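Here the structure is laid out as structure tokens; the discussion comes afterwards.
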Amino acid sequence: MVKPKNPSLTYLRFVNLANAIRSLPSFPNLDAMEERVLNGLAAVWATGVDVTVLDAMKLGPDASPSTVHRRLKGLQRKGLIRLQDSPHDSRVRLIAPTDLAMEYFERLGQCLDLAARAGAR
Amino acid sequence: MNRFASTLLQVALTAGAWVGLYDLNGWMFHELEWTQTISWIFLPAAMRLLVVLLWGWWGALGLWLGTMITNVSVFGLLTPQSVVVATLSAAAPCIAVELGRRWLVIPVTLQGITASQLLKLGGMSAATSVTLHGSYFWLSGGAGVVGGTVPMFIGDVAGTLIVLYLARSLLVLADRVKTDSR
């Protein structure tokens, strides 16, 4: 039987270090309610429907509109959502995801994929 | 290339990278210098941590050589002070990594090292560097040692974070390019 050659220690260290660097925290911390609001918004965005601030305030059935509104402010401060005027009615404010939010969802998806693959083994 | 030659090349590259990053730091953050050797942002601090994690004592030798070169304008060529400071600069991350690996139970291969552990090692490297340099300069009657401790620590931590996050951005970009090209 051919004895497998061990990869160099430096290469192993580099790979492990690179993985650690990749997983450096890059997203702002979200509290549980902010996460729920963001996930609720994501579900609506995925259908291609515009979300107004008023609509978003109704997303949390067990949270008061003012609580949700506060969380929307938090998400905006953390750079995950942006508010823009509706093209049809300038009095209406629409909530749109930022690039950071899209990266956040992508990373979550990758983590879920990894977890699913690990579970399948 | 035989092992000796590749080690020699690695030491030389480490020394060269140290000198390059040291000069870049001086150019970019000139306004943030506390003294000629202390800055509120010190990018080379990240190199101390990373080369020792990757190459151990050989990385430290490269750091020592690089620091001897950058010390010339401050302490002179091959002066006792220059040698001591270079030795402390190289030894600090070695001590921090050795203690940190034992405390955080990180294997020599760095298998399973987490981002949190990496950040802790960065903090320990900064703290060790400040302690060793500060102690030496205090014992040798250096002026302004205590005052320089805080900017030196902050400079090392800030520099390490900047470089690590820059490396993260590059790795994420490389991953994205690799994924998109499939």
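Chain A is the first sequence line, chain B the second, and so forth, proteins listed ahead of strands; every chain is numbered from 1. These numbers come from a predicted model, not from an experiment. The basis for the numbers below is simple: all heavy atoms, side chains too, and nothing from hydrogens, waters or symmetry mates.
Ranked by heavy-atom pairs under 4.5 Å with chain B, the list A:N16, A:L17, A:N19 is led by A:N16. Interface remark: of the candidates B:L118, B:T114, B:V108, B:V108 forms the most heavy-atom pairs closer than 4.5 Å to chain A. Of the listed residues (B:V172, B:L53, B:L50), the greatest number of heavy-atom pairs within a distance under 4.5 Å of chain A belongs to B:L53.
Of the possible donor and acceptor atoms, none in the side chain of A:H69 sits under 3.5 Å from a partner among the backbone N and O of A:P65. Of the possible donor and acceptor atoms, none in the side chain of B:S82 sits under 3.5 Å from a partner among the backbone N and O of B:L78.
Ring geometry for B:Y22 against B:F42 counts as perpendicular: the plane angle is over 60°, on a 0 to 90° scale with 30° as the lower cut.
Neither the backbone nor the side chain of B:L170 comes within contact range of chain A; no heavy atom of the residue lies under 4.5 Å from a heavy atom of that chain.
Shown here is A:E35, whose CD atom has more than 12 heavy atoms of other residues, nucleotides or ligands within 6.0 Å.
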